[in-house]
Amino acid sequence: MATSRQTINEQLWQVVAMIPRGRVCTYGEVARQAGMPGAARRVGKALQDLPNDSRIPWYRVVNSQGRISLPESSPSRSYQRSQLEMEGVVFNAANRLDLKQYGWP
DNA sequence: TACTTGACAGCAT
DNA sequence: AATGCTGCCAAGT
């Protein structure tokens, strides 16, 4: 039978949980490390499915441009940025962070 | 069932 | 650097 969505989520969450403090990972990279290359969009779904009280550092996941993918209308967007800045991540004037510097691996 | 949307990414222009 | 198009695929309508 096909792998359940719950199992897929848990595999992706496990990868996100390994991102070190002060570092970030792209959606595509999380998918690759979880053994699901090309499943970047599933990572977004998995993070949406996270319970509000989860301890998983979902805010360490950004897109391949080094930008936050949450819509401007989302309150979580500012939370994500402040959490990253709190860990030392610096955003430039274009609201982007340097993946060469903060990317993991 | 058909069509649209989106917390993506890669390539072309 | 910025835009646009394509592949992707689960979820919503």
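To find a chain, count down the sequence lines: A is the first, B the second, and so on, and within it residues start at 1. Everything numeric here is computed off the predicted structure, so don't read it as measured data.
Rounded to whole Å, atom C1' of C/dG7 lies 18 Å from atom CE of A/Met36. Look at CG on A/Asp49: it is 7 Å from P on C/dA11, rounded to the nearest Å.
In this structure the side chain of A/Val24 reaches within 4.5 angstrom of the side chain of A/Leu99, judged on heavy atoms. The side-chain heavy atoms of A/Leu84 and A/Phe91, taken from C-beta on, include a pair separated by under 4.5 Å. The closest side-chain heavy-atom distance from A/Arg81 to A/Ile68 is below 4.5 Å. A heavy-atom distance below 4.5 Å is found between the side chains of A/Asp49 and A/Trp13.
Distance check: A/Tyr27 OH to A/Ser64 OG gives 10.5 Å after rounding to the nearest 0.5 Å.
A/Arg77 comes within 4.0 angstrom of nothing in the nucleic acid, heavy atoms only.
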At under 4.0 Å between heavy atoms, which parts of nucleotides 7-13 of chain B does protein reach? Answer with one letter per nucleotide, 5' to 3': B base, S sugar-phosphate only, - none.
-> BBS----
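Of the possible polar contacts, one joining the A/Thr26 side chain to the A/Glu29 backbone as a donor-acceptor pair under 3.5 Å is found. A/Ser74 places no side-chain N or O within donor-acceptor distance of the main-chain N or O of A/Pro71, the cut-off being under 3.5 Å.
Within residues 82-105 of chain A, no residue has a heavy atom under 4.0 Å from DNA chain C.
A/Glu87 has a carboxylate O that lies under 4.0 Å from a charged side-chain N of A/Arg60, or vice versa, which qualifies the two as a salt bridge.
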